[in-house]
Amino acid sequence: MAMSMPTFHLAPDLAVSRLCFGTMTMGEQSRLPESLRLLDAAFDAGVNFFDSAEMYPVPQRSETHGRSEEFLGRWLRARRAPRDSVVLATKVAGPSGEMTWIRGGPASLDSRNIAEAIDGSYVPMFGETEYDPSHQYMSVPMEEQLLALGRAIDAGKIRYIGLSNETPYGLMKFLQLSRDCQLHSKILTVQNSYNLLCRNFDAGLAECCHHERISLLAYSPMAMGILSGKYYSSDDGGPPDARMNLFKGRYSEGESRYNLQNPKMKAAVKEYVKISAKHGISPAILAVAFVLRHPLVSSAVFGATEISQLTEVLQATRIHLSEEIVAEINEVHARYPNPCP
């Protein structure tokens with residue numbers, strides 16, 4: 001029987017756990033038996049919210065494409081949990097020019113690609129901070145995207161709509177058009193990165209989300225494990241099976257943002273590790289608890305490849321960061337603002 005965990009109501013009929021278990025490593029770092037054990041342990045601890053994407057696992061490659069969603073589906077079938085006790089979030093792959101194994105490397109996020117992704121544009125993406133018009137992929141009317149999602153809602157294939165890696169302009173434009181299109185279901189969430197090393201959300205999107213009642217699903221609360229301190233705890237660069245070491249040179253999206261040689265990032269991480277040691281909590285718990293205290297965060301999307309990692313993250317929901325700790329965090333942030341945007 002599942003334990004209780006704090007929840008957040010995204011809608012009157014949609015309550016999600018404050019922690020959302022991300023499955024991006026399942027099918028690559030975590031094989032099926034390990035993944036099933038992790039999913040069971042999370043659910044038994046009260047996690048009812050699980051996140052995936054059609055392009056997962058990472059690093060993306062044609063041989064493993066779709067495996068994370070498959071593992072999640074296998075777990076649902078094996079677990080036989082009541083379907084209304086589990087909330088699933090997944091994402092359609094947008095145009096990248098690289099993942100040619102997904103519908104030929106979709107040139108656009110049009111209605112056909114959305115429909116095909118559900119059945120079987122460009123903004124600054126992961127690790128980018130500036131808009132570059134030369135990178136603009138084929139322009140697709142936002143109305144077309146929303147109508148395709150609306151049809152999926154009407155057909156009972158999805159319940160609600162969320163955005164990911166979005167900008168303030170994109171969020172506000174989608175909200176305006178969703179009203180014009182008279183969608184039966186409003187946009188509820190935006191899933192963007194937010195952690196001690198990347199607080200860009202607060203610069204623009206936070207104001208939009210506050211006034212429009214949009215919740216942030218904060219992904220990468222531990223900055224791909226970097227905020228655990230494991231990569232800087234010794235001179236050898238951390239455990240060889242840690243993701244940034246295991247896939248070194250193969251994971252451009254992660255490495256573009258989280259460059260382990262970045263001196264400002266290294267200095268900031270070491271300061272946050274000192275804060276956690278001073279106050280008797282682990283660096284991982286400090287990192288996740290910081291994200292959960294944000295008033296606009298409904299759920300923190302985390303990943304784990306070991307039961308011990310999962311157990312540690314679960315403790316963050318029971319930790320209250322004092323004003324003293326928050327002040328110390330903000331002092332470090334003032335010295336090293338957003339070293340991993």
Side-chain angles (χ1 to χ4, degrees), residues 8 18-20 22 123-131 162-172 189-212 214-229 231-232 253-260 262-276 279 281-303 313 316-317 319-341:
F8 185 96
R18 294 299 314 281
L19 291 174
C20 173
V123 296
M125 293 299 288
F126 194 89
E128 298 181 23
T129 59
E130 297 179 356
Y131 178 80
L163 304 173
S164 183
N165 290 324
E166 195 50 270
T167 63
Y169 167 80
L171 172 61
M172 296 306 295
T189 61
V190 59
Q191 184 177 139
N192 278 35
S193 177
Y194 189 78
N195 56 55
L196 288 167
L197 302 175
C198 176
R199 294 164 65 172
N200 286 352
F201 171 80
D202 291 327
L205 263 174
E207 180 181 10
C208 299
C209 289
H210 170 70
H211 290 294
E212 298 294 336
I214 299 294
S215 294
L216 173 65
L217 302 180
Y219 74 74
S220 203
M222 286 180 54
M224 291 192 177
I226 292 171
L227 284 165
S228 70
Y231 291 99
Y232 301 126
E253 292 91 342
E255 291 170 333
S256 66
R257 172 174 285 172
Y258 301 115
N259 178 0
L260 293 176
N262 180 340
K264 292 182 179 180
M265 181 178 79
K266 182 177 181 178
V269 171
K270 288 191 171 185
E271 290 298 320
Y272 292 130
V273 169
K274 288 179 183 177
I275 293 173
S276 66
H279 295 279
I281 57 178
S282 75
I285 292 175
L286 177 77
V288 178
F290 169 78
V291 172
L292 290 175
R293 73 178 296 277
H294 196 294
L296 295 172
V297 170
S298 58
S299 192
V301 185
F302 75 99
V313 171
T317 61
I319 295 295
H320 170 74
L321 298 184
S322 67
E323 291 305 313
E324 179 186 0
I325 295 176
V326 174
E328 292 175 11
I329 286 173
N330 286 335
E331 191 276 329
V332 175
H333 176 66
R335 281 189 284 145
Y336 306 106
N338 300 322
C340 304

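Remember, it's a predicted structure, so these values are computed and weren't measured experimentally.
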Any side-chain to backbone donor/acceptor pair from Ser164 onto Gln191? Under 3.5 Å, distance only. yes

Residues Pro341 and Cys198: closest non-hydrogen pair is O-SG, 3.7 Å

Could you tell me the separation between the OG1 atom of Thr189 and the CG atom of Leu216, rounded to the nearest 0.5 Å? 9.0 Å

Side-chain contact, heavy-atom cut-off 4.5 Å: Pro283 with Val273? yes

In chain order, what residues pass the side-chain hydrogen bond (donor to acceptor under 3.5 Å, both in side chains) check against Glu212, with sequence neighbours excluded? Arg179

For residues 193-205, the salt bridge (charged side-chain N to carboxylate O under 4.0 Å, His left out) pairs (sequence neighbours left out) are none

Looking at side-chain heavy atoms only, is the closest gap between Met224 and Tyr231 below 4.5 Å? no

Atom pair NE2/CZ of His333 and Phe290 - distance to nearest 0.5 Å: 7.5 Å

According to the salt bridge (charged side-chain N to carboxylate O under 4.0 Å, His left out) rule, which pairs have a member within residues 329-341, sequence neighbours left out? Glu271-Arg335, Glu331-Arg335

Sorted by chain and residue number, the side-chain hydrogen bond (donor to acceptor under 3.5 Å, both in side chains) partners of Ser282 (sequence neighbours excluded) come out as Glu312

Validation row: Met222, Val313 side chains within 4.5 angstrom (heavy atoms): yes

When rounded to the nearest 0.5 angstrom, what is the spacing between CD in Glu207 and CG in Leu296? 11.0 Å

Would you please name every residue forming a ring-ring contact (aromatic ring centres under 6.0 Å, His included) with His294, sequence neighbours left out? Tyr194, Phe201

Test side-chain hydrogen bond (donor to acceptor under 3.5 Å, both in side chains) applied to Asn338 - qualifying residues, sequence neighbours left out: Asn200

Do Tyr258 and Ser220 pass the side-chain hydrogen bond (donor to acceptor under 3.5 Å, both in side chains) test, and can you show the C-alpha distance, the side-chain angles, and the key distance before you say yes or no? CA-CA 11 Å; Tyr258 301 115; Ser220 203; 3.1 Å; yes

Worked verdict on Arg293 versus Val326 for side-chain contact (heavy atoms from CB on, under 4.5 Å): CA-CA 10 Å; Arg293 73 178 296 277; Val326 174; 3.5 Å; yes

Examine distances only and state if a side-chain atom of Asn192 and a backbone atom of Asn165 form a donor-acceptor pair shorter than 3.5 Å. yes

All heavy atoms of Leu197 vs all of Asn195, minimum pair found to be N-OD1, 2.8 Å

Cys209 versus Val190: any side-chain heavy-atom pair under 4.5 Å? yes

Decide yes or no for Lys266 and Leu260: does some side-chain heavy atom of the first lie under 4.5 Å from some side-chain heavy atom of the second? no

Run the side chain to side chain contact (heavy atoms under 4.5 Å, CB included) test against Ser298 and tell me which residues pass, sequence neighbours left out. Phe8, Leu10, Ser215, Leu217

For Ala300, enumerate each residue passing the side chain to side chain contact (heavy atoms under 4.5 Å, CB included) test, keeping only those at least two apart in sequence or located in another chain. Leu19, Pro221, Val291, Leu292

Would you compute the distance between atom CG of Leu196 and atom CE of Met265 and round it to the nearest 0.5 angstrom? 13.0 Å

For a side-chain hydrogen bond (donor to acceptor under 3.5 Å, both in side chains) check, start with the C-alpha distance between Tyr336 and Asn262, then their side-chain angles and the critical distance, and finish with the verdict. CA-CA 11 Å; Tyr336 306 106; Asn262 180 340; over 6 Å; no

Those residues at least two apart in sequence (or on a different chain) that pass side-chain hydrogen bond (donor to acceptor under 3.5 Å, both in side chains) with Tyr272 are none

Identify, with sequence neighbours excluded, every residue that meets side chain to side chain contact (heavy atoms under 4.5 Å, CB included) alongside Glu324. Lys278, His279, Ser322, Glu328

Under the side chain to side chain contact (heavy atoms under 4.5 Å, CB included) test, which residues partner Pro168, sequence neighbours left out? Leu205, Cys208

Is it true that a side-chain atom of Ser276 and a backbone atom of Leu286 form a donor plus acceptor pair closer than 3.5 Å? no

